[in-house]
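Computation of the quantities below employed the complete heavy-atom set of this structure, encompassing side-chain atoms and omitting hydrogens, waters and symmetry-equivalent molecules.
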Amino acid sequence: METKKTVLIVDDDDLVLESIDLHLSATEDFQTIRVLGSAGAISHMQNAPSIDVIVADVILAGSVSGIDLCQKAINRYPRIAVVVITADPEVQCAEIPERGVFLRKPFGGEQLLEAIGVALGRVGGTAA
């Protein structure tokens, strides 16, 4: 039996956090950690022994962008899968970490699950 993947969800919008959490919690493959903003995510990453996937918005309040946060996550957890989300039409795929998967808001649950599966495949994890 495969263990659940731990997914760190980072956004500045509580509704986005809740929506993503609901999509992932609807499956038995993931346990989620919702964090509002980059400061909370950095604090959480300093204390969490393992995170399998990070789903982060590009634009976050504070001095750390979602892209920078994802790079910090990769440095802390070398085998972490990365999904970068944004509603900003100016953000391009080329800006995200090489292993990352880019997902433009709004997206549905199936698109999110597919993006996580692709991201896990890029780091040698198994798609849920």
Side-chain angles (χ1 to χ4, degrees):
M1 179 177 177
E2 189 169 327
T3 60
K4 289 185 175 190
K5 302 283 186 200
T6 300
V7 181
L8 179 65
I9 309 164
V10 187
D11 202 292
D12 284 338
D13 185 331
D14 275 324
L15 292 175
V16 173
L17 290 172
E18 185 175 343
S19 175
I20 292 172
D21 187 26
L22 286 172
H23 286 304
L24 297 180
S25 297
T27 77
E28 295 188 12
D29 300 318
F30 303 106
Q31 64 182 11
T32 59
I33 302 162
R34 298 185 331 195
V35 180
L36 195 61
S38 61
I42 290 170
S43 175
H44 186 82
M45 287 190 305
Q46 290 172 342
N47 298 311
S50 177
I51 298 173
D52 300 299
V53 181
I54 184 169
V55 177
D57 194 359
V58 171
I59 300 171
L60 297 170
S63 61
V64 178
S65 74
I67 293 170
D68 293 337
L69 181 64
C70 288
Q71 192 56 56
K72 288 179 184 297
I74 291 167
N75 292 340
R76 170 78 167 96
Y77 310 101
R79 299 200 34 85
I80 194 169
V82 174
V83 177
V84 178
I85 61 175
T86 190
D88 186 344
E90 300 298 315
V91 175
Q92 301 300 317
C93 297
E95 297 176 44
I96 69 170
E98 186 175 318
R99 73 169 70 171
V101 175
F102 183 72
L103 194 57
R104 189 162 311 273
K105 295 178 187 176
F107 51 82
E110 288 300 315
Q111 291 170 298
L112 176 62
L113 292 172
E114 183 178 313
I116 290 173
V118 169
L120 284 167
R122 289 182 180 176
V123 293
T126 55

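With rounding to the nearest 0.5 angstrom, the CG atom of Asp88 is 7.5 Å from the CZ atom of Arg104. One finds the OG atom of Ser65 at 7.5 Å from the CG atom of Leu60 (value rounded to the nearest 0.5 Å). Here the NE2-CG distance, from His44 to Leu8, works out to 5.5 Å after rounding to the nearest 0.5 Å.
The shortest non-hydrogen separation linking Val10 to Gly37 is CG1-O, 3.5 Å. Heavy-atom minimum distance, Pro97 versus Ile67: CD-CG2, 4.3 Å. The two residues Val82 and Cys70 have their closest heavy-atom pair at CG1-SG, 3.6 Å. Taking all atoms of both residues into account, the shortest heavy-atom contact from Met45 to Tyr77 is O-OH, 2.9 Å. Looking at every heavy atom in both residues, Leu103 comes nearest to Leu112 through CD2-CA, 3.9 Å. Pairing each heavy atom of Ile80 with each of Val123, the nearest pair is O-CG1, 3.4 Å.
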Query raised in the report: Given Phe107 and Ile20, is the side chain to side chain contact (heavy atoms under 4.5 Å, CB included) satisfied, shown in steps?
Result: CA-CA 10 Å; Phe107 51 82; Ile20 292 172; 4.0 Å; yes
Requested in this report: Evaluate side chain to side chain contact (heavy atoms under 4.5 Å, CB included) for Asp29 paired with Lys4, printing each intermediate quantity in order.
Outcome: CA-CA 5 Å; Asp29 300 318; Lys4 289 185 175 190; over 6 Å; no
Requested in this report: Go through Ile42 and Leu69 one step at a time and tell me if the side chain to side chain contact (heavy atoms under 4.5 Å, CB included) criterion holds.
Outcome: CA-CA 7 Å; Ile42 290 170; Leu69 181 64; 3.7 Å; yes
Report task. In sequence, state the C-alpha distance, the side-chain angles, and the governing distance for Val53 and Ile9, and then conclude on side chain to side chain contact (heavy atoms under 4.5 Å, CB included). Result -> CA-CA 8 Å; Val53 181; Ile9 309 164; over 6 Å; no
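In this structure, Thr86 and Phe102 have side chains that are in contact, with non-hydrogen atoms separated by less than 4.5 Å. Within the 4.5 Å cutoff, no side-chain heavy atoms of Ile116 are placed close to those of Lys5. Val55 is listed as a side-chain neighbour of Val7, based on a closest heavy-atom distance under 4.5 Å. Taking the side chain as every heavy atom from C-beta outward, Thr32 and Ser25 approach each other to under 4.5 Å. Under the 4.5 Å side-chain criterion, counting only non-hydrogen atoms from C-beta, Arg34 is not in contact with Asp14.
Although no hydrogens or angles enter the test, the distance criterion places no donor-acceptor pair under 3.5 Å between the side chain of Ser38 and the main chain of Gly66. Judged purely by atom type and a 3.5 angstrom limit, Arg122 has no side-chain atom pairing as donor or acceptor with the backbone of Ala81.
Within 6.0 Å of CD on Gln71 lie more than 12 heavy atoms contributed by other residues, nucleotides or ligands.
Of the candidates Val101, Ile54, Ile96, Ile96 is the only one forming a side-chain contact (heavy atoms from CB on, under 4.5 Å) with Val84.
Between Lys105 and Asp11 there is a salt bridge, with a side-chain nitrogen of the basic residue lying less than 4.0 Å from a carboxylate oxygen of the acidic one.
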